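First comes the structure, then the notes that go with it.
Residue numbers start at 1 and run along the sequence shown. Everything quoted here is computed from the prediction, not taken from an experiment.
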Amino acid sequence: MSLTRRDFTRRSAVTGAGVALAGSVGALATAPGALAAQETTDDGADVLGRAPGYGPLVPDPDGLLALPAGFSYRVLTHSGRTKLETGEFTPSNHDGTATFEGPRGVTLLVNNHELSGPRSKWPHPVPLTEGLVYDPAASGGCTVVEVRRGGHVAEWVGIAGTATNCAGGSTPWGTWLTCEETEEKAGQNGMTKDHGYVFEVDPYDRRANRGPKPVKALGRYAHEAVVVDPKRGHLYLTEDASGPNGLLYRWTPPHGFKHGRGKLRTLADDAGVLKAPKCYDSGGRFVDDLSRATRIGTVYGVDWAEVPDRDARTVPVRQQFDDGDITRARKLEGMWWGDGGVYIVASFSRDESPVQHDGQVWFYNPSRRTLTLKVLLGVNPDPAEDGAFDGPDNITVSPYGGLVIAEDGEGVQHLFGATEHGRTYPIARNELNAGTPEKPSYSEFTGVTFSPDGKTLYASIQTPGILLAITGPWRRQRG
């Protein structure tokens with residue numbers, strides 16, 4: 001059942017829930033400790049004297065990762081240094097990651113490798129392991145990393161021959177959905193098959209990954225991330241694209257379909273229904289782009305419009321809609337299921353969008369069919385200076401409250417937290433300078449996710465490709 005603009009306007013007038021916040025919150029969560037939805041003191045603490053986070057970051061004498069006092073890290077994989085079980089070097093360009101609980105204290109991670117174009121472009125592409133290859137011309141894929149209780153680390157290929165594996169998402173049934181952020185077709189850039197799909201990878205059963213098959217029912221476009229609604233069975237997917245700006249999607253399974261390990265690959269190419277959102281404000285006015293929201297607490301009602309040709313045979317999916325048909329957003333990135341809904345990142349917006357910003361985090365409530373702006377980062381005037389955050393990308397819900405976000409912005413790169421009220425604080429800073437002392441350059445963070453027991457935060461420095469395990473005195477974050 002669609003939620004009409006009249007329904008949303010009437011519901012908003014009756015309940016006042018969330019909608020009253022729109023336009024009432026003046027501060028932007030731009031700097032560490034900045035307050036979005038409540039009063040702060042000059043030192044960034046809330047009115048009760050509680051500052052979020054774990055204190056200032058301490059420079060790393062090894063020049064890799066600055067952390068708060070009491071925290072430490074361990075390198076698990078390092079492209080060009082560590083090796084797979086089969087003897088090849090760990091592939092480069094680490095990206096989206098999820099953790100899975102293994103037997104006897106083992107933690108399994110599936111790690112995307114965002115490698116685009118032909119294999120000759122990269123010194124360490126994902127090896128073409130027999131039986132696990134989709135397109136032998138493509139460079140990307142996933143590896144599975146096993147971390148045992150005693151510290152031993154092993155790594156093997158989960159899927160190969162895919163392209164630009166950016167983010168993805170874990171499933172309630174214990175698999176990983178890896179997303180290709182590309183629209184290349186066979187014959188383009190050396191590819192022998194069409195790309196721009198989602199593939200399922202099983203971290204527990206290597207045999208289940210043989211003969212990779214794209215889940216074409218989820219559409220062909222520049223996929224970024226995906227989450228599964230465990231109650232309704234819907235899949236939500238983001239598109240990182242421009243010209244025009246990309247879309248959020250919702251896939252509804254066909255009647256009678258039941259999710260489970262390997263079930264997605266059994267679907268017909270046109271199974272279920274793929275739709276994009278059409279948003280409107282509390283006054284019933286159509287919202288063309290999510291960048292229009294300039295206050296934390298803004299709430300939009302959401303209806304959904306069906307995608308005409310999900311495989312984009314002649315026209316990219318996002319170009320199949322007229323401007324008044326759907327709501328767009330620049331740089332739709334990471335997603336995570338939590339609190340009964342979907343957290344969704346829009347990384348930044350510039351001249352291609354109605355309003356400029358350096359990052360938004362939205363929350364979609366499927367029960368109310370609303371999008372609520374939770375975090376808003378104002379345009380960072382000086383990204384080279386440590387302090388403000390910009391360009392959120394991968395995201396995870398923290399077991400200690402709020403969110404942990406990987407930064408893919410300009411200049412200095414961080415892992416940072418955001419409380420339930422939108423207050424931000426630093427967790428880590430990349431100190432691996434890939435540039436020069438005069439013109440430093442720092443790679444983005446990717447693949448942020450906690451271990452199943454919540455004691456370890458995993459994240460990667462994308463270039464060259466370093467997977468890190470961070471431990472320390474985690475505690476509940478409030479405010």
Side-chain angles (χ1 to χ4, degrees), residues 95-96 98 100 110-116 119 125-144 156-188 190-228 233-235 237 239 249 251-254 256-274 307 309-313 317:
D95 212 292
F100 303 86
V110 183
N111 189 197
N112 276 359
H113 297 277
E114 191 182 21
L115 297 162
S116 63
R119 300 181 62 80
V126 178
L128 297 177
T129 303
E130 183 181 0
L132 302 178
V133 180
Y134 170 65
D135 180 352
S139 306
C142 299
T143 53
V144 180
W156 60 87
V157 173
I159 189 173
T162 50
T164 321
N165 297 69
C166 197
S170 60
T171 69
W173 51 92
T175 62
W176 170 252
L177 300 177
T178 182
C179 295
E180 293 187 306
E181 189 190 331
T182 181
E183 298 173 286
E184 289 178 340
K185 293 184 176 181
Q188 296 178 339
M191 299 298 103
T192 66
K193 292 184 177 181
D194 290 350
H195 291 268
Y197 294 116
V198 175
F199 296 79
E200 187 169 21
V201 177
D202 193 324
Y204 298 101
D205 185 356
R206 303 192 196 196
R207 295 171 299 178
N209 298 325
R210 298 184 67 83
K213 180 184 178 184
V215 186
K216 293 188 176 182
L218 302 180
R220 194 183 70 81
Y221 45 89
H223 285 272
E224 177 70 29
V226 56
V227 298
V228 180
H234 295 149
L235 271 67
L237 309 103
E239 177 184 29
Y249 297 94
W251 179 79
T252 302
F257 177 78
K258 294 187 181 300
H259 284 294
R261 307 179 85 87
K263 294 293 184 65
L264 289 173
R265 63 186 293 164
T266 68
L267 289 166
D269 293 350
D270 60 352
V273 180
L274 187 68
V307 171
D309 173 22
R310 73 183 80 181
D311 204 46
R313 290 183 289 271
V317 172

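- Contact between L267 and A217 at its shortest, heavy atoms only, is CD1-CB, 4.4 Å.
- Proximity of a side-chain donor or acceptor of R261 to a complementary backbone N or O of T175 within less than 3.5 Å is not detected.
- The backbone N or O of A137 lies less than 3.5 Å from no partner atom in the side chain of R119, so there is not a single donor-acceptor pair.
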Evaluate the side chain to side chain contact (heavy atoms under 4.5 Å, CB included) criterion for residues V110 and T178: first the C-alpha distance (whole Å), next the side-chain angles of each, then the deciding distance (0.1 Å), finally the verdict. CA-CA 9 Å; V110 183; T178 182; over 6 Å; no
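- Between the OG1 atom of T171 and the CH2 atom of W176 there is a distance of 10.5 Å, given to the nearest 0.5 Å.
- Side-chain contact check for L264 versus W173: some heavy-atom pair is nearer than 4.5 Å.
- The distance from the CG atom of L128 to the OG atom of S139 is 9.0 Å, given to the nearest 0.5 Å.
- No side-chain heavy atom of I159 sits under 4.5 Å from any side-chain heavy atom of L132.
- Minimum heavy-atom separation, P125 to L115: CA-CD1, 3.8 Å.
- Closest approach of G272 and W251 over heavy atoms only: CA-NE1, 3.8 Å.
- In this structure, H234 and P253 have side chains that are in contact, with non-hydrogen atoms separated by less than 4.5 Å.
- Within the 3.5 Å criterion, the main-chain N or O of G161 finds no donor-acceptor partner in the side chain of D135.
- Using a cut-off of 4.0 Å between Lys/Arg side-chain N and Asp/Glu carboxylate O, K216 and D311 are scored as not salt-bridged.
- The shortest heavy-atom contact between D194 and A186 is OD1-N, 2.9 Å.
- Within the 4.5 Å cutoff, no side-chain heavy atoms of T182 are placed close to those of S116.
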Starting from the C-alpha separation in whole Å, work towards a yes-or-no answer on side chain to side chain contact (heavy atoms under 4.5 Å, CB included) for E114 and T164. CA-CA 4 Å; E114 191 182 21; T164 321; 3.7 Å; yes
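- Across all non-hydrogen atoms, the minimal contact from N111 to D95 is ND2-O, 3.5 Å.
- Taking the six-membered ring for Trp and thresholds of 30 and 60 degrees, H195 and Y134 have ring planes more than 60 degrees apart, a perpendicular arrangement.
- Side-chain atoms of H259 come within 3.5 Å of backbone atoms of G233 as a donor-acceptor pair (strictly under, hydrogens ignored).
- Considering all non-hydrogen atoms of both residues, A138 and M191 come closest at CB-SD, 3.9 Å.
- W156 is not listed as a side-chain neighbour of T129, based on a closest heavy-atom distance of 4.5 Å or more.
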For E239 and L237: C-alpha separation, side-chain torsions, deciding distance, then whether side chain to side chain contact (heavy atoms under 4.5 Å, CB included) applies. CA-CA 7 Å; E239 177 184 29; L237 309 103; over 6 Å; no
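- The CD atom of E183 sits 9.5 Å away from atom NE2 of H223, with the distance rounded to the nearest 0.5 Å.
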Going through the distances and angles, do K185 and R220 end up as a side chain to side chain contact (heavy atoms under 4.5 Å, CB included)? CA-CA 10 Å; K185 293 184 176 181; R220 194 183 70 81; 3.0 Å; yes
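- Side-chain atoms of K213 come within 3.5 Å of backbone N or O of R265 as a donor-acceptor pair.
- In summary, of the residues considered (V198, N112, L218), a side-chain contact (heavy atoms from CB on, under 4.5 Å) with C179 occurs for V198 alone.
- Of the possible polar contacts, none joining the N209 side chain to the V201 backbone as a donor-acceptor pair under 3.5 Å is found.
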